[in-house]
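Data block below; observations after.
Small disclaimer: the values here were computed from a predicted structure and weren't measured.
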Amino acid sequence: MYRGVFPYNTYINNKYCTGLDVAACNELLCKDAGIGDTVNISIGDEKHSIAAESIDLSVDYTDKLDIILNSQSNVLWVERFITGPAMYEVEPDIHFDEDKLKQEFDALRLDRQGAPFGVSLTLTDKDGYVLENNKPYQIDPGRVYPYVREALGRGELSISIEDGYVEKPVYTGYEQQLIDIDKALKALDDVKITYWLDNNSTKISLPRLSKSELISMLELDNRGYPMLDDSGKLVFSEESVKEGLNSILGPYNTYKNHIFTTHDGSKVHIKGGNFGSTVDIDTESMELYEYLTGDTKQPYKKTLEMKGKSKGSGVIGDNYLEVSLDEQHLYYYENGALVLDSDVVTGNHAYGYDTPQGVYSVYFMQRNRTLVGETYRSFVNYWIAFYNHYGVHDASWRNEFGGDIYLHNGSHGCVNTPKENVSKLYDMIEVGTPVIVYSYDKTRIKD
């Protein structure tokens with residue numbers, strides 16, 4: 001019943017081979033052999049590879065399958081009904097073209113003739129410091145090739161050349177120092193430092209400090225290489241740690257300290273208002289410095305309790321209302337795009353009622369409100385308050401807006417806006433939206 005084929009309930013390398021002859025079973029097993037695309041050769045820290053197809057590398061199970069088949073009787077299938085399946089595990093025979101293997105091996109130039117020589121460490125913008133180690137292991141290709149050929153014949157596709165076949169390179173003191181620096185720099189890959197910002201119970205996660213940011217905090221020697229202490233650890237500069245952390249957390253240190261880009265691309269430094277947050281850079285940088293110079297391997301996770309009037313990070317963001325006192329014009333942005341602008345009239349300059357400069361946020365909104373002051377009582381249809389009794393509202397008593405009206409006939413400090421425009425603004429703006437009020441005269445940053 002099973003002449004010339006594997007009998008009932010035969011499994012070879014977990015493949016069901018019942019009813020298959022040797023050729024068919026060999027084809028089935030070869031498909032699942034996982035031979036890979038390369039032969040990998042390791043010499044110390046060096047890695048080399050030879051493409052499998054370049055040496056006609058293949059596997060074959062025929063001889064071992066013949067042995068299994070010839071050991072079985074034609075009536076063995078009857079026994080299998082009772083005893084269950086027969087499981088076999090076989091390793092393939094490896095075949096390759098030795099002449100092609102020798103050509104590919106010689107092409108690796110393990111004799112190092114004409115190869116670069118030495119060790120260098122270079123700082124790159126993308127990858128940080130990159131070590132080039134071209135100091136060769138001393139090997140005898142005449143001894144190593146037979147070792148590779150025999151290992152491959154045994155079915156080894158990842159071949160490590162043993163120490164007896166190679167001599168490790170001898171480094172100068174300078175070269176060894178570069179290698180030690182590179183090893184210490186690689187350890188930075190495992191340093192995990194993350195900050196959370198907590199402002200009025202709103203938590204914001206900042207990206208993990210990158211390796212390049214950590215490298216910028218290192219102490220450098222007179223050659224521009226990172227310094228190592230006597231124990232081989234990187235030396236961090238207290239000053240550089242503070243500078244590096246300030247560049248990371250500085251954008252969130254905004255209370256009375258906003259750098260703002262106006263509608264026309266000018267930059268202004270606004271030091272007033274109540275919107276923003278503060279971070280104690282001095283304290284945080286000292287704690288980070290102590291962590292970096294300590295022995296702990298635990299990740300550094302720190303939640304910063306930010307102080308200020310704003311919710312969130314204290315950064316102005318992409319949704320905000322901009323009021324230019326010089327131009328007597330407001331600009332409302334959503335998602336970074338201008339969606340509304342209008343002429344306005346701000347506080348009366350002649351009477352000292354100037355609208356206060358600063359970065360604020362909308363804290364209250366109301367329809368049909370009567371504004372009451374010592375010398376006025378005014379009904380408005382739309383009230384958008386951003387600081388104490390200052391806000392944006394319509395002004396039915398005005399027929400004109402913009403220009404230099406504010407110099408002698410301005411408001412008591414509020415931002416008077418045409419009704420048709422403030423009504424649109426009211427429907428778009430929200431409580432919490434930043435409001436930036438500035439005059440170029442005092443805040444513009446000169447190039």
Side-chain angles (χ1 to χ4, degrees), residues 195-207 249-263 267-280 303-325 329-342 344 346-347 355-369 371 380-394 411 413-419 421-438 443:
Y195 284 95
W196 287 78
L197 306 180
D198 186 351
N199 195 355
N200 297 322
S201 299
T202 300
K203 284 194 174 183
I204 300 170
S205 174
L206 300 185
L249 299 180
Y252 306 95
N253 201 24
T254 57
Y255 185 66
K256 297 185 183 299
N257 184 41
H258 287 274
I259 304 297
F260 176 70
T261 302
T262 68
H263 63 280
K267 288 188 180 297
V268 292
H269 187 188
I270 304 174
K271 300 180 180 180
N274 60 6
F275 178 91
S277 297
T278 58
V279 181
D280 188 344
T303 297
L304 305 179
E305 185 176 345
M306 304 177 70
K307 301 177 181 179
K309 297 292 186 180
S310 62
K311 294 182 179 180
S313 66
V315 176
I316 290 173
D318 295 327
N319 294 1
Y320 57 86
L321 178 64
E322 174 183 346
V323 180
S324 171
L325 300 180
H329 208 84
L330 66 72
Y331 307 84
Y332 178 63
Y333 287 81
E334 283 188 355
N335 299 317
L338 179 66
V339 294
L340 183 145
D341 68 293
S342 173
V344 296
T346 60
T355 304
Q357 298 185 51
V359 180
Y360 312 93
S361 65
V362 175
Y363 72 88
F364 183 73
M365 298 172 60
Q366 187 178 7
R367 289 289 314 275
N368 303 320
R369 179 184 178 92
L371 305 179
V380 299
N381 294 278
Y382 301 93
W383 170 241
I384 305 170
F386 59 81
Y387 174 60
N388 290 345
H389 59 277
Y390 297 96
V392 181
H393 61 78
D394 52 300
S411 69
C414 287
V415 182
N416 292 179
T417 308
K419 182 180 178 181
N421 290 333
V422 75
S423 64
K424 297 175 184 177
L425 178 64
Y426 190 92
D427 290 337
M428 293 186 287
I429 203 166
E430 298 177 344
V431 169
T433 302
V435 179
I436 303 98
V437 182
Y438 65 90
T443 63

Who are the ring pair (Phe, Tyr, Trp, His ring centres under 6.0 Å) partners of [X], not counting sequence neighbours?
X      : answer
Tyr426 : Tyr382
Phe260 : Tyr320
His269 : none

Those residues that, when tested against [X], pass side-chain hydrogen bond (donor to acceptor under 3.5 Å, both in side chains) (two or more places apart):
X      : answer
Asn421 : Ser342
Asn388 : none
Thr417 : none
Glu322 : His263, Tyr438

* **Thr433 vs Tyr332 side-chain heavy atoms within contact, under 4.5 Å** => yes
* Heavy atoms, side chains only, cut-off 4.5 Å: are Val323 and Ile436 in contact? ->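 A side-chain contact under 4.5 Å is absent here.
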Results of side-chain contact (heavy atoms from CB on, under 4.5 Å) for [X] - residues two or more places apart only:
X      : answer
Thr261 : Lys267
Pro356 : Tyr360, Tyr387, Tyr390
Asn335 : Asn319
Leu371 : Arg369, Tyr376, Val380, Trp383, His393

* Among Ile384, Val362, Val415, Leu330, find the residue that satisfies the side chain to side chain contact (heavy atoms under 4.5 Å, CB included) test when tested with Val435. =>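 Result: among Ile384, Val362, Val415, Leu330, Val362 is the only option passing the side chain to side chain contact (heavy atoms under 4.5 Å, CB included) with Val435.
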